[in-house]
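I have placed the structure first, in the form of structure tokens, so that the comments after it can refer back to it.
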Amino acid sequence: MSSALKIYNTLTRSKELFEPIDCKNVRIYVCGPTVYDYAHIGNARPIIVFDLLFRLLRHLYGAAHVKYVRNITDVDDKINARAAERGVTIRELTEKTNQIFQEDVEALGCLDPTVQPRATDHIVQMVQIIERLISAGHAYAADQHVLFNVPSMQRYGQLSRRSLDEMLAGARVDVAPYKRGDMDFVLWKPSQLNEPGWDSPWGRGRPGWHVECSAMSWAHLGEIFDIHGGGIDLIFPHHENEIAQSCCAFDREIMAHYWMHNGFLQVEGEKMSKSLGNFITIHGLLHSDCFGGRAWAGAILRLAMLRTHYRQPIDWTVKALEDAANVYNDWMRAIDCVQPSEPTEEFIAALSDDLNFAKAEVHLHILKRSNPGALAACLDFIGFQSHEPSSLAQSKQAQLAKIGLTKSDLEQLISERIEARLTKNWAESDRIRNQLESLGITLKDNKDGTTSWMLSS
RNA sequence: GGCCUCGUGGCGGAGUGGCUACGCAGAGGACUGCAAAUCCUUGUACUCCGGUUCGAAUCCGGACGAGGCCUCCA
């Protein structure tokens, strides 16, 4: 079985063999969050999906040879509006939001990207790109704004596969007096004194929406790189405009070779929206009972997310989380006290087929019986390593501490119960078992007469 | 209106021309004081209608349905 990586490329709308520009320096960029509010569960999808890809690339090319950049957009009009609304400074808002985001992502079992650049640290590069675009005739300054002149780029619309005519037919574009073409989009715009702004050749202002990604990918990955990822909704206009900016600024045919997009998420069959009241955040799922009446471990959320192929639409349901929890707990029991060996080739090969997790999951079920060590290694591989034997022991200890029992207290209770069972005192036996169950500890009577304990799931 | 996805058993979800995965849930059984866990058994599905073919869930055409984008959005 071959582990050659194949990925679906939105540019060509087909699955292609992945061939890096430089196998010693594989480069991937993923559009990260705009930090103005708690990240919702839809935001978690690209984070998890591309974390899986990152892990796979590290395996295939070596951890030192993969560079993963996921940006943090900390300048945006939504941020300005939210900060004003809450009466906090922009810096306070973006710092706090980013901190929660980082905690959420860690709980979801994601590795840190190689670099997490911030938009506000790359204003210089943005200005440079804009200057290049102007001098190449692809952008123009007008009325304190700088706009990208869409008709100046013949290939515009290549990624989203739409022609300028079609786009204009939709015709709900902003009409502004300073625009030459209806589709032209803003690279730079003036800031009021109460808005964040930077000095530039066009006056004090701030960047438009798309240019930050062109600047940050350039700064950290170069003019051209391997993979660019994000949600499917970003294809147009965000990624289309990034391509336009980068290709025209650097006079390149392409910006990234492979464009990958994850599908959308719905909640219990409906679009997630604040008005429907089904807007759920990662934070809420992890730390409250807002969904399904209980909190969910990050690993459960991660597994539930991965079980649907990343390009398919996913329906986020309580049932899917319960299923994922069942499967996950099953695996954890199977690898309790097992030393991880190596992930199997079949498993890697399945993932290498455009991240076909469902196909890979089959091998996990097989390994559960035939080779727990390999199962543990496969689970480690895909980011479930928080439950290595040592940390399972740790979480058992933590639970004891939480309920105020020492290990010998527990052992005492267990042996009392064994006594009771020997004298067929079932009432006492059940009383002890129920008492511990209510404290989050499940007892299990083994066939040899011993009793072991585990954390309740 | 334009463009783009998708439609598999109760649920999730592989499978791109023949051998009809896998998991969850359910049912039956073994074991057990009862549980839990484990093990065994059990599931013949592919939206509809045409077409191509010896043969289609899989290819082609059409219908219906769901979702997305075209405007901020992962």
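Below, read A as the first sequence line, B as the second, and so on, with proteins coming before strands; counting in each chain starts at 1.
At a threshold of 4.0 Å, the pair A:K179-A:D184 does not count as salt-bridged, since none of the basic side-chain nitrogens sits closer than that to a carboxylate oxygen. Ionic pairing of A:R206 and A:D77 is present here: one or more N-O contacts between side-chain nitrogen and carboxylate oxygen are shorter than 4.0 angstrom. Residues A:D445 and A:R417 are paired through a salt bridge, judged by an N-O separation under 4.0 Å between the basic side chain and the carboxylate. The pair A:E428-A:R431 counts as a salt bridge, with a side-chain nitrogen and a carboxylate oxygen less than 4.0 angstrom apart. With salt bridges taken as basic N to acidic carboxylate O contacts below 4.0 Å, none links A:E85 and A:K78.
Separating the C1' atom of B:C48 from that of B:U8 is a span of 15 Å, rounded to the nearest Å. With both ends at atom C1', the span from B:G12 to B:G50 equals 32 Å, rounded to whole Å. Nucleotides B:C40 and B:C59 have their P atoms positioned 36 Å apart, rounded to a whole Å. Spacing of P atoms, B:C19 relative to B:G61, comes out at 24 Å, to the nearest Å. B:U41 sits 41 Å from B:U5 when the C1' atoms are compared, rounded to a whole Å. Across B:G65 and B:G23, the matching C1' atoms stand 27 Å from one another, rounded to whole Å. Comparing the C1' positions of B:U16 and B:G7 gives an interatomic distance of 16 Å, to the nearest angstrom. With both ends at atom C1', the span from B:U58 to B:U52 equals 14 Å, rounded to whole Å.
Remark: ring of A:F264 not stacked against base of B:G68; the cut-offs of centroid gap under 5.5 Å and plane tilt under 30° are not jointly satisfied.
Atoms CG and CD1, from A:N262 and A:I232 in turn, are 8.0 Å apart once rounded to the nearest 0.5 Å. Rounded to the nearest 0.5 angstrom, A:W188 CH2 and A:I123 CD1 are separated by 5.5 Å.
The distance from atom CG of A:L306 to atom C1' of B:G23 is 15 Å, rounded to the nearest whole Å. Whole-Å rounding puts the A:K319 NZ to B:G23 P distance at 15 Å. In this structure, A:Y156 atom OH and B:C70 atom P are separated by 12 Å, rounded to whole Å. Summarising the geometry, the separation between CD on A:E270 and P on B:G67 is reported as 10 Å, rounded to the nearest angstrom. Atom CE of A:M272 and atom P of B:G68 are 12 Å apart (whole Å). Atoms CZ (A:R13) and P (B:C3) sit 13 Å apart, rounded to a whole Å. A straight line from CZ of A:F236 to P of B:G2 spans 18 Å, rounded to a whole angstrom. The separation between A:F279 atom CZ and B:C72 atom C1' is 12 Å, rounded to whole Å.
A:Y68 meets the ring pair (Phe, Tyr, Trp, His ring centres under 6.0 Å) test with A:F54; sequence neighbours excluded. Take A:H283 and apply the side-chain contact (heavy atoms from CB on, under 4.5 Å) test, not counting sequence neighbours, and it matches A:Y38, A:I100, A:D104, A:T281, A:H287.
The local environment of CD in A:E268 is crowded, with over 12 non-hydrogen atoms from other residues, nucleotides or ligands closer than 6.0 Å. Dense packing is recorded around CD of A:E416, with more than 12 heavy atoms of other residues, nucleotides or ligands lying under 6.0 Å away.
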**Report entry** Footprint string (nucleotides 34-42 of chain B, 5' to 3'): B base within contact, S backbone only, - free, heavy atoms under 4.0 Å
**Finding:** BBBSSSS--
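At a threshold of 4.0 angstrom between heavy atoms, the contacts of A:G230 are confined to the sugar-phosphate backbone, with no base atom among them. Among the protein residues, A:L265 comes within range of the nucleic acid bases, having at least one heavy atom under 4.0 Å from a base atom.
The salt bridge (charged side-chain N to carboxylate O under 4.0 Å, His left out) analysis of residues 360-373 of chain A, with sequence neighbours excluded, yields the pairs A:R307-A:E361, A:D330-A:K368.
Sequence order on RNA chain B of the closest nucleotides to A:Q266 and A:Y8 puts A:Y8 first from the 5' end. Place A:T34 and A:S429 on RNA chain B by their nearest nucleotides, and A:S429 ends up nearer the 5' end.
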For nucleotides 12-16 of chain B, print each protein N/O atom paired with a nucleotide N/O atom at under 3.5 Å, atom names and distance only.
unit_1, atom_1, unit_2, atom_2, d
B:G13, OP1, A:T308, OG1, 2.6
B:A14, O3', A:N356, ND2, 3.3
B:G15, OP1, A:N356, ND2, 3.0

Query raised in the report: Which dot-bracket string fits RNA chain B when only Watson-Crick or G-U wobble pairs with both atom distances under 3.5 Å count, crossing pairs get [ ], and | stands for a partner on a different strand?
Result: (((((((..(((.....[...))).(((((.......)))))....(((((..]....))))))))))))....
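Note: A:Y258 and A:F18 have tilted aromatic rings, judged against thresholds of 30 and 60 degrees for the angle between ring planes.
Nearest nucleotide to the A:P237 side chain, out of B:C70, B:A74, B:G33: B:C70.
A close approach under 4.0 Å does occur between a side-chain nitrogen or oxygen of A:N326 and OP1 or OP2 of B:A25.
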